[in-house]
Q: 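Handing you a structure now.
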Amino acid sequence: MTEPAPRFPTSLGTSDADSITLLGQDLAADLMGKVGFGELALWLVTQRRPTRAHVRVFEAVLVALADHGFTPTAIAARLTYLSAPDSVQGALAAGLLGGGSRFLGVTEDAGRFLASTLAMAGEPLPADDAAYDVLALAAVRAAREQRRLIPGLGHPVHKVTDPRTPALIKIAEEEGTHGPHLRLFEAVGRVHPQVLGRTLPLNGAGTCGAALADLGLPPDLLRGFALLARAAGLLGQLAEERRRPLAMDIYQTVEHGAVYLPPGS
């Protein structure tokens, strides 16, 4: 008896000799020139056409995470391009691979932390800021007792306020997407000095994670959106590297500053 041919179902895209279908739409007739890239990216993940409000918040997140200067991810991309100028894809990949717990990955880490805290609290959700403060204080204390960092707190450059944080919160409020994750994150910002003994800013990457979680996006995919945003920034870094090369100077500065120490020193 002949085995049935395997089937591989998808609700994303397909094509035939005359047309391309994406998300149930004719790509050429219905999407090209009519749908922005941010809207499409959100649509692809949720498989629901996003509202204008969701698109505005989502694109604000992408803009917030696109570039932040000479971060390790940007330097890695530029140095890889210096080493292999024939491999733009390698340079982009090198930068993206650096998205982890200190850079970019905080977006996902914060979203997971907030989502798990809310899940453990159960229903109903806190009704006011005071109740969110109680929940945040318990979560911060638990993290401290377990010697875990609270994702989204602190920034290597912005020591008082990360300018992206109030801007993104304001946009979420304007669009009606200021939900429990952002409210809990703001509560963390209010209560953490009681536990840590110092005041740290809520960083933009963590705020982005909270904002994305309030859009209903899965916490375990949030780092992907940060990488999507940073891909644009890295492409900008590589374009600038072509116009105004810096990677050789970066490499030579490290090379000339290297000091050899015998093993065991």
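These numbers come from the heavy atoms of this one structure, side chains and all, not from hydrogens, waters or symmetry mates. One is the number of the first residue; the rest follow in order along the sequence. Please read all numbers here as calculations on a predicted model, not as lab measurements.
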Q: Decide side-chain contact (heavy atoms from CB on, under 4.5 Å) for Leu153 and Asn203; before the verdict, give the C-alpha distance in whole Å, the side-chain angles of both, and the deciding distance to 0.1 Å.
A: CA-CA 6 Å; Leu153 273 183; Asn203 62 50; 5.8 Å; no

Q: Assigning hydrophobic clusters by single linkage (Ile, Leu, Val, Met, Phe, Trp, Tyr; side-chain heavy-atom cutoff under 4.5 Å), is Leu12 placed with Val35?
A: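 They do share one cluster, since a chain of ILVMFWY contacts under 4.5 Å joins Leu12 to Val35.
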
Q: Using side chain to side chain contact (heavy atoms under 4.5 Å, CB included) as the criterion, point out the one residue from Leu65, Val61, Thr207 that pairs with Thr107.
A: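 Only match with Thr107 under side chain to side chain contact (heavy atoms under 4.5 Å, CB included): Leu65.
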
Q: Classify the ring geometry of His158 against His68: parallel below 30°, tilted from 30° to 60°, perpendicular beyond 60°.
A: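 The arrangement is tilted - the two ring planes meet at 30° to 60°.
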
Q: Between CD1 of Ile250 and CG of Leu82, what distance do you get to the nearest 0.5 Å?
A: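 Ile250 atom CD1 to Leu82 atom CG measures 9.0 Å (nearest 0.5 Å).
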
Q: Check this for me: does any side-chain nitrogen of one of Arg78 and Glu240 sit under 4.0 Å from a carboxylate oxygen of the other?
A: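 A salt bridge links Arg78 with Glu240.
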
Q: As an exercise, state the distance from CD1 of Ile150 to CG of Asp109, rounded to the nearest 0.5 Å.
A: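 Here the interatomic distance stands at 12.5 Å.
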
Q: May I ask you to check whether Asp162 and Thr165 show a side-chain donor-acceptor distance below 3.5 Å?
A: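 Absent: no donor and acceptor within the cut-off.
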
Q: Kindly compute the distance separating CZ (Phe113) from CD (Glu108), expressed to the nearest 0.5 Å.
A: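 Those atoms lie 15.0 Å apart.
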
Q: Within a strict 4.5 Å, meaning less than it, do heavy atoms of the Leu168 and Cys208 side chains meet?
A: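 In contact.
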
Q: From Ile75 CD1 over to Thr80 OG1, what is the distance, rounded to the nearest 0.5 angstrom?
A: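 Atom-to-atom, Ile75:CD1 and Thr80:OG1 are 11.5 Å apart.
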
Q: Is there a side-chain contact between Arg190 and Asp129 (heavy atoms, below 4.5 Å)?
A: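 Side chain of Arg190 against side chain of Asp129, heavy atoms only: contact under 4.5 Å found.
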
Q: Between Glu174 and Lys170 (salt bridge meaning N to carboxylate O under 4.0 Å), is one present in this structure?
A: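 Yes, charged N to carboxylate O under 4.0 Å.
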
Q: Between atom CG of Leu228 and atom CG of Leu42, what is the distance when rounded to the nearest 0.5 Å?
A: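 With rounding to 0.5 Å, CG (Leu228) is 10.5 Å from CG (Leu42).
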
Q: Are Glu186 and His181 linked by a side-chain donor-acceptor pair shorter than 3.5 Å?
A: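 Looking only at side-chain atoms, His181 and Glu186 do not form any donor-acceptor pair under 3.5 Å.
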
Q: Ion pair present between Asp214 and Arg183, side-chain N to carboxylate O less than 4.0 angstrom?
A: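 No salt bridge links Asp214 with Arg183.
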
